[in-house]
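Before any comments, here is the structure.
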Amino acid sequence: MIVVTGATGGLGGATVEHLLQRVPAERIGVSVRDVGRARHLADRGVRVRQGSYEDPAGLRESFEGAEQVLLVSGNDPTADIVRLHGNAIEAAAAAGVQRIVYTSQHGATPDNPYPPARMHLSTEAMLADSGIAWTSLRNAAYGPLDEVLGPWRRTGKIAQPADGPVPYTDRADVAEGTAVVLAAGHHHDGPVTLSAPTAVTFDHLAETASRLIGRTVERVVVDDERWIADQVASGVPPEAAGFILTWYQAARAGHFAEADPLLSELLGREPRNVAERLADGIAG
């Protein structure tokens with residue numbers, strides 16, 4: 001039995017879909033806050049149980065009989081995520097889970113200025129102390145490219161703070177690689193990196209976008225303070241803008257520069273590259 005948390009979210013849900021292509025549905029369980037949102041999985045034979053990181057007793061029940069649990073990291077900036085992850089780890093131990101696979105973050109180092117890095121490191125430390133075998137998937141940035149590039153298709157400019165090389169990775173590839181780890185017995189111990197094979201900068205992305213659309217997309221480096229002011233003026237709360245800025249600062253300091261071949265090995269092919277992803281966005 002493999003139990004996936006967060007299975008109604010983007011990464012968790014996509015991972016379940018890939019698992020269903022690899023193992024029988026009766027070997028898959030999900031632990032979700034709202035079982036109604038997982039009805040489509042129950043209809044396909046997946047075991048659906050209610051579980052929340054705030055409810056350790058409910059988690060123990062949702063993890064019952066699991067050999068492995070995919071612990072999808074929380075992302076609520078107002079919550080004590082480390083404590084909630086601790087609840088999940090303790091519940092897994094109480095349920096007799098043999099391995100936890102955790103979705104961590106690329107570049108999780110103590111000196112990374114992006115705050116989630118420290119949360120992931122704290123969770124990894126708890127996993128190391130749990131007595132359970134564990135794998136931490138340090139996933140490279142897998143969100144939509146427009147989230148980091150801004151409205152370049154409308155403006156013709158990538159006007160963002162100074163950046164650095166990042167192996168931008170497709171979420172679908174991360175989900176498939178995660179499913180392979182869970183289903184195929186790839187028991188990597190400790191932290192491993194799942195990323196596209198090449199790290200690129202905004203300069204590279206501007207050149208690629210220019211080639212795809214047949215006109216120049218300009219890369220404009222915006223001063224940090226000016227960028228914050230522009231974000232606030234557009235309605236972004238100052239705290240949220242400052243939080244996002246730390247990601248760009250981490251990138252420019254090289255915290256996300258390392259690419260790793262493991263995801264390619266798990267998939268048995270090259271992950272989708274940024275040119276393919278940009279082209280899909282333009283076509284869409």
Side-chain angles (χ1 to χ4, degrees), residues 1-76 79 81 84-85 87-104 132-135 137 139 142-144 147 169-187 194 263 266-269 271-272 277 280-281 283-284:
M1 173 69 70
I2 300 167
V3 171
V4 176
T5 68
T8 54
L11 181 61
T15 299
V16 172
E17 291 298 327
H18 284 290
L19 277 174
L20 283 165
Q21 299 175 26
R22 289 167 170 79
V23 299
E26 59 267 23
R27 282 188 51 203
I28 304 170
V30 297
S31 174
V32 294
R33 298 170 70 93
D34 181 353
V35 296
R37 293 182 60 199
R39 190 180 307 277
H40 64 292
L41 297 175
D43 290 343
R44 295 159 71 186
V46 173
R47 188 184 83 179
V48 176
R49 290 185 178 177
Q50 197 279 333
S52 166
Y53 293 169
E54 290 94 347
D55 178 13
L59 279 178
R60 285 195 297 274
E61 182 178 352
S62 69
F63 294 164
E64 180 186 8
E67 178 182 354
Q68 296 183 87
V69 165
L70 176 64
L71 175 56
V72 176
S73 55
N75 59 6
D76 182 352
I81 295 295
L84 296 178
H85 288 173
N87 288 345
I89 293 168
E90 291 174 4
V97 171
Q98 297 177 32
R99 177 174 293 270
I100 296 174
V101 179
Y102 171 66
T103 63
S104 185
I132 304 173
W134 61 284
T135 304
L137 305 178
N139 296 323
Y142 59 74
E147 287 187 359
T169 307
D170 188 14
R171 185 181 71 186
D173 287 336
V174 172
E176 184 176 352
T178 302
V180 172
V181 169
L182 290 164
H186 289 273
H187 289 161
L194 296 188
L263 181 56
L266 294 172
L267 299 178
R269 58 173 172 80
R272 296 178 71 232
R277 296 176 65 200
D280 284 352

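What you see below is based on every heavy atom in this structure, not just the backbone, and it leaves out hydrogens, waters and symmetry mates. Everything quoted here is computed from the prediction, not taken from an experiment.
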Go through it in stages, so that I can follow the logic: the residues are Arg49 and Leu59, the test is side chain to side chain contact (heavy atoms under 4.5 Å, CB included), and I'd like the CA-CA distance, side-chain angles, deciding distance and then a yes or no. CA-CA 9 Å; Arg49 290 185 178 177; Leu59 279 178; over 6 Å; no
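- Between Ala88 and Phe63, the shortest heavy-atom distance links the atoms O-CE1, 3.6 Å.
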For side chain to side chain contact (heavy atoms under 4.5 Å, CB included), just list the numbers for Leu194 and Tyr142, CA-CA rounded to whole Å, side-chain angles, deciding distance to a tenth of an Å, and then say yes or no. CA-CA 10 Å; Leu194 296 188; Tyr142 59 74; over 6 Å; no
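- Judged by distance alone, with hydrogens and angles left aside, the side-chain atoms of Arg60 form no donor-acceptor pair with the main-chain N or O of Glu90 at under 3.5 Å.
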Evaluate the criterion salt bridge (charged side-chain N to carboxylate O under 4.0 Å, His left out) for residue pair Glu54 and Arg33; output intermediate values, then yes/no. CA-CA 10 Å; Glu54 290 94 347; Arg33 298 170 70 93; 3.0 Å; yes
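- Here Arg171 contributes atom CZ and Thr15 contributes atom OG1; the two are 9.5 Å apart, rounded to the nearest 0.5 Å.
- Annotation for Gln68 and Leu182: closest pair NE2-O, 2.8 Å, computed over non-hydrogen atoms.
- The shortest non-hydrogen separation linking Thr135 to Arg99 is OG1-NH1, 2.8 Å.
- To the nearest 0.5 Å, atoms CG (Leu11) and OG1 (Thr178) are separated by 5.5 Å.
- Across Val3, Thr103, Ile89, Val101, a single residue satisfies side-chain contact (heavy atoms from CB on, under 4.5 Å) together with Leu71, and that is Ile89.
- The minimum heavy-atom distance between His85 and Tyr102, with the atom names listed, is CE1-OH, 3.3 Å.
- The environment of Arg269 atom CZ is dense: over 12 non-hydrogen atoms of other residues, nucleotides or ligands sit within 6.0 angstrom.
- Among all heavy-atom pairs drawn from Leu20 and Arg44, the shortest one is CD1-NH2, 3.3 Å.
- A distance-only check finds no donor-acceptor pair linking the side chain of Ser104 to the backbone of Leu137 [under 3.5 Å].
- The main-chain N or O of Arg272 is found under 3.5 Å from a side-chain atom of Asp173 such that the two form a donor-acceptor pair.
- Distance alone, capped at 3.5 Å, is enough to place a donor-acceptor pair between the Asn87 side chain and the Tyr53 backbone.
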Evaluate the side chain to side chain contact (heavy atoms under 4.5 Å, CB included) criterion for residues Arg27 and Arg22: first the C-alpha distance (whole Å), next the side-chain angles of each, then the deciding distance (0.1 Å), finally the verdict. CA-CA 10 Å; Arg27 282 188 51 203; Arg22 289 167 170 79; over 6 Å; no
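- In terms of the side chain to side chain contact (heavy atoms under 4.5 Å, CB included) criterion, residue partners of Ala14 (sequence neighbours excluded) are, by chain and number, Ala175.
- Here Thr169 pairs with nothing under the side-chain hydrogen bond (donor to acceptor under 3.5 Å, both in side chains) rule; sequence neighbours left out.
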Start with the C-alpha gap between Ile2 and Leu70, add the side-chain angles, then the distance that decides, and say whether side chain to side chain contact (heavy atoms under 4.5 Å, CB included) holds. CA-CA 8 Å; Ile2 300 167; Leu70 176 64; 5.7 Å; no
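- Nearest heavy atom pair, residue Val30 against residue Val48, reads CG2-CG2, 3.7 Å.
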